[in-house]
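One-based numbering, in listed order, for ligands and for the atoms of each. The analysis underlying the following values was restricted to heavy atoms, covering all of them including side chains, and did not include hydrogens, waters or symmetry mates.
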Amino acid sequence: MGKPVRLALLGCGTVGSEVVRLLHEQAADLAARVGAPIEIAGVAVRRPNRARGDLPVDPALFTTDALGLVKRDDVDVVVEVVGGIEPARTWLVEALRSGKSAVTANKALLAEDGGTLHDAAAEGGADLFYEASVAGAIPLLRPLRDSLHGDSITRVTGIVNGTTNFILSAMDATGAGLTEALEEATALGYAEADPTADVEGFDAAAKAAILASLAFHTRVGADDVHREGITEVSAADMASAKAMGCTIKLLCIAERGPGADGAESVSVRVHPAMIPRSHPLASVGDAFNAVFVEAVAAGQLMFYGRGAGGAPTASAVLGDIVAVARNRLAGVHTASESAYADLPIRPMGEAVTRYHISLDVADRAGVLAAVAGVFARHDVSIATVRQSGRDADASLVIVTHRAPDAALAATVEELRGLDVVRSIASVLRVEGGQ
Ligand code: NDP
Ligand code: HSE
């Protein structure tokens, strides 16, 4: 057995407390797998005197001085499960620059300023592992970073936010509206007290940035991701999706390919979309996550599992702890970043997909021709038209063929000014299928 590998655990909340529990319960196995015992040198929290149940950790190890703990000579590895940008960034940069490897679940920081962390890891010759930051327990980043490194990934499509997937699945199953489904998600403990990051798509956008960076060997930040949340998705949209044999999911879509100028580029977007029920992501229900990866040689791969929660997320953190502890004993480290491709980010206007547009119109002669004319002027080809109701209450549902987002946006803008269009009830992208 080698010398113990000593951890500074920053944060002991939902995820951190499960990390403590797993380290305790699996101590003998982990030591055998690593070749040395793993010990907790200290635990930094905000409220050291808070009751923490029967957590198997010596209360004397708690401190509020996280930076002091990171700097201690008897700390080998820093595990950050606090979250947020600062002071987490300062702690991790301090650790990495001084050659201490770090494990983090902090998607917000990685998406906001991952470059600073990767640079610090390279400078200090340390490992930076962050498997838990995207899709919780699902082994996903390691496959992208290692297993698929001999291949070329062309597209990553995923459901990476459990809260919104629970909400949309409930709306699909019961016909409930968004408010009602969100209340249920909150009552069951899926949604946080402030669900903004989930329902507005910020959480998924951060994860999309991390996935795109790894898949396309390019630094992609949260600001590079086109983001729309689920707040505009109505019970009527879900009913309309059902009528088309589809459901609605909040998707993260990262693609690599030629842009309008023919040059290779990357497009990353998060938005609700209709997908056919036959698509593998359509059956991902409840608060589960799933990610669909397409690569040139491997073809299609799907990763599925629990994307959130203390124990599932701690499982991914523990996997990283074992990996960095082994590297430490072997005296090696793994490059945390591969950004050599440095591809430009394609504007959202160039993203090409299909659209479902629902309009409230007057039901009289010439209306359909006027509406179709707007689509034709912007070179957006109509695939199907469905009309329901009559007289003042007629509604038109139009599904298009594939068209650039900018062309669709210009179409919608012109439709708004058309006197026969009373209102545009919804515009949703349609992904998957033909
Ligand atoms: P919690 O809010 O449950 O826990 C946060 C912990 O950090 C608490 O122990 C808190 O102390 C401590 N803390 C807060 N501020 C400070 C500070 N300034 N100094 C020292 N300690 C501090 O968060 P989670 O466990 O849910 O999330 C942790 C990380 O994991 C985040 O980055 C999150 O995005 C990520 N993550 C979470 C998932 C989940 O399902 N929860 C899933 C995937 C990733 P105290 O206990 O005293 O309040
Ligand atoms: N709020 C996130 C979710 C937690 O609902 O998926 C996991 O990152």
Quick check on [X] - does any of its heavy atoms sit under 4.0 Å from an atom of ligand 1?
X: Ala44; result: yes
X: Glu80; result: no
X: Phe62; result: no

Students should be able to answer this: which protein heavy-atom is nearest to [atom], and at what distance?
atom: atom 22 (C) of ligand 1; answer: Arg46 N, 3.6 Å
atom: atom 3 (O) of ligand 1; answer: Thr14 N, 2.9 Å
atom: atom 35 (C) of ligand 1; answer: Ala105 O, 3.4 Å

Quiz item: Can a non-hydrogen atom of Gly136 be found less than 4.0 Å from any atom of ligand 2?
Solution: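 The answer is no, since Gly136 has no heavy atom less than 4.0 Å from ligand 2.
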Quiz item: Is there a nitrogen or oxygen of Val82 sitting under 3.5 Å from a nitrogen or oxygen of ligand 1?
Solution: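 N/O-N/O distance below 3.5 Å does not exist for this pair.
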Could you tell me, atom by atom, which parts of ligand 2 come under 4.0 Å of a heavy atom of [X]?
X: Gly307; result: 7 (C)
X: Asp198; result: 1 (N), 2 (C), 3 (C), 5 (O)
X: Lys107; result: 4 (C), 7 (C), 8 (O)
X: Gly162; result: 3 (C), 5 (O), 6 (O)

Quiz item: Looking at atom 15 (N) of ligand 1, would you say a protein heavy atom lies below 4.0 Å from it?
Solution: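 Within 4.0 Å: yes, protein heavy atom nearby.
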Pick one of side chain, backbone, both or neither for how [X] approaches ligand 1, counting any non-hydrogen atom pair under 4.0 Å.
X: Ala108; answer: neither
X: Arg306; answer: neither
X: Val45; answer: both

Self-check item: Polar side chain donor-acceptor pair, Asp194 to Thr196, under 3.5 angstrom
Solution: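 Yes.
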Quiz item: Counting each atom of ligand 1 from 1 as listed, which ones have a heavy atom of Gly309 under 4.0 Å away?
Solution: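 Once the distances to Gly309 are compared, the set is 39 (C), 40 (O).
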Quiz item: Going by the order shown, which atoms of ligand 1 are within less than 4.0 Å of some heavy atom of Cys12?
Solution: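 Result: 6 (C), 8 (C), 9 (O).
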Quiz prompt | Exceeds 12 heavy-atom contacts within 6.0 angstrom, atom CG of Asp146 | solution =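 Yes, the 6.0 Å shell around CG holds more than 12 heavy atoms from other groups.
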